[in-house]
Visitor: 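Pasting a structure here, questions to come.
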Amino acid sequence: MAHQPILNVWGGGQLLGFSAFDGETDYDSGLVLRTVADCCGFEIKLPVESGIVLPDAEPPRACMLAGDHFQLACSSGPVRGAFADARHFIIDGECRVYGLNDALQIIRRPGRTVLGVRKGFNESWLDADFDAIFRQRAAWLAKLPQPGLPTDEARRTYWKACSQLKTQLNSPSGCLKHRWTTPDRWPHRKMWLWDSVFHAQGLRRLDPAVARETLEAVFDGQCADGFIPHMASPHEKSDITQPPILGYGIKLMLEQQQSPEFLERLYPKNAAFLNWIFAHRDTDGAGLVEWAIEAHEMCRSGESGMDNSTRFDGATQLDAPDFNAYLASECEIMAEFAALLGRPEEQKLWQERHRKLNHLMNERLWNDAAGLYVDYDLAAGKQSPVLSLAGFLPLISGAPTAEMAEKLVRNLKNPETFGTPFPVPSISFSQPEFYSKDMWRGPVWININTLIARGLDRYGYRYEARQLRSRTMRELEKFYCRYGTFFEFYDDRNECDPPELLRKFRCDPDRSVYHQAFMDYGWSATLYIDLAFTMYS
């Protein structure tokens, strides 16, 4: 039985923007709106933070709220809205608009308002066929595949995830020659390396060709020496990298839909990236790689993706289990690709690199007493005392022996370490001196949960993998139905709702947008889509 899209949860922080699925987006001047929790209103966040669109002073009595169109039952009557293009938004029904600055413009008549960017403002949208535009925006959702989800909560969450993913897609622009994705249209806006892989992981279930294109976009930022920046936009690139999981992404794309040409194009590019890592991130020459550590209070190691993890407090060089597990996994995958492409010598090289990294992780990073892989502090000449979820990631590369894997699984189930009410915490429950409710210093991250589940599958712990996936889905469903959004991270102890968690030492959005758990967050949604198909297709 087919289920129609259900998007009926109003809440603050839901983002609305025009999607590259429907036409050309505008990175510099495109409109982005965000819902306001305690009224039927939308803040204007981009191209500049400006005013508010207010159909009603109270929350809607009922809603259909997608990422690029809506229909609201307000006390003053029904109101609909939809993006006409990247720079114009049409509201059909009564509303008020407050506080616009000079970058924006409106034109209106009774029952119709067009909000747009002043430069290039097109007044003809006031007389456009709004019903046709509304149907066009809804058409993408209506044609999507639907996994056999078992509950109403799961189906509602799935449609929200799909709608959110749609608005994450941007058009080619500047140095980005392919359509690309962003973690959120505001405030991140830009393209991130490992985020893009997790976005493609969900997107491949809906549109494999576009998913492949978004991975190619990451390579658009590659430098001549193989380096790939952790962040890029149409106009700039960063000078650090991020977890090497592009081979993993390529493999997922090929599992979904074979494309020999895609593999031929990206294999040498990913090989160049991995060779850059071997050349530039093994700082002591001992064979294991180390993340760049910025030692900045708010972001100690942006390269690791685990920005403010306790692992990096005071550290300068760490042989890291997550970095080496990602790299070893990539080598294993690249050996598979080399075999497919008929390159036996390269296959042997990647196989040897995979074997060596796994051996060195077991030799230097395994802590048998803790039953976990840990960082090795090169400056101190000893293992780090911090027990983090990074210690489970060697499961994905096949490093642990069967006995080690059993100890890792025991840790995942142990309520005194990582078996928290919602696993897997980023820091062990047993370490109050290292744990807090702040990003990577305690809370749960959806992307790492999915990777750990894959590692469990590899070692035959299929029941445990399914349990972790199921608990992850239930948590996402619970908070979507409560707040109408996907959050960046979640409380492992179920003591705080996501909006109450700290982000870089504070929960204070009035002080800075970066001191709050982000809403409508990219990979939490896209990985829910992938989990839905993994569990129920």
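Sequence positions, counted from 1, serve as the residue numbers for this chain. What you see below is based on every heavy atom in this structure, not just the backbone, and it leaves out hydrogens, waters and symmetry mates.
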Visitor: So, Arg474 and Ser470: side-chain donor and acceptor under 3.5 Å apart, yes or no?
Guide: yes
Visitor: Could you please spell out the steps behind the side chain to side chain donor-acceptor pair (under 3.5 Å) verdict for Asn494 and Glu475?
Guide: CA-CA 10 Å; Asn494 292 145; Glu475 197 77 2; 2.9 Å; yes
Visitor: Check side chain to side chain donor-acceptor pair (under 3.5 Å) between Glu495 and all other residues, then give those that pass, not counting sequence neighbours.
Guide: Lys437
Visitor: Would Arg503 pass as a cation-pi partner of Tyr514, given that its NZ or CZ must be under 6.0 Å from the six-membered ring centre and within 45 degrees of the axis?
Guide: no
Visitor: Please, which pairs that meet salt bridge (Lys or Arg N to Asp or Glu O under 4.0 Å) have at least one residue in residues 522-531, sequence neighbours excluded?
Guide: Arg204-Asp530, Arg205-Asp530
Visitor: Could you tell me whether the side chains of Tyr521 and Asp195 share a donor-acceptor contact shorter than 3.5 Å?
Guide: yes
Visitor: Which heavy atom in Cys175 sits nearest to a heavy atom in Lys237, and how many Å separate them?
Guide: SG-CE, 4.4 Å
Visitor: Phe134 ring centre to Arg80 NZ or CZ under 6.0 Å, with the angle to the axis within 45°?
Guide: yes
Visitor: Scan side-chain atoms only and decide if Asn270 and Glu330 contain a donor-acceptor pair under the 3.5 Å cut-off.
Guide: yes
Visitor: Hey, are Thr182 and His188 close enough side-chain-wise for a donor-acceptor pair under 3.5 Å?
Guide: no
Visitor: For residues 59-69, pull every pair meeting salt bridge (Lys or Arg N to Asp or Glu O under 4.0 Å), keeping only residues two or more places apart or in separate chains.
Guide: Asp68-Lys166
Visitor: Can the positive tip of Arg493 be found less than 6.0 Å from the middle of the six-membered ring of Tyr435, inside 45° of the ring normal?
Guide: yes
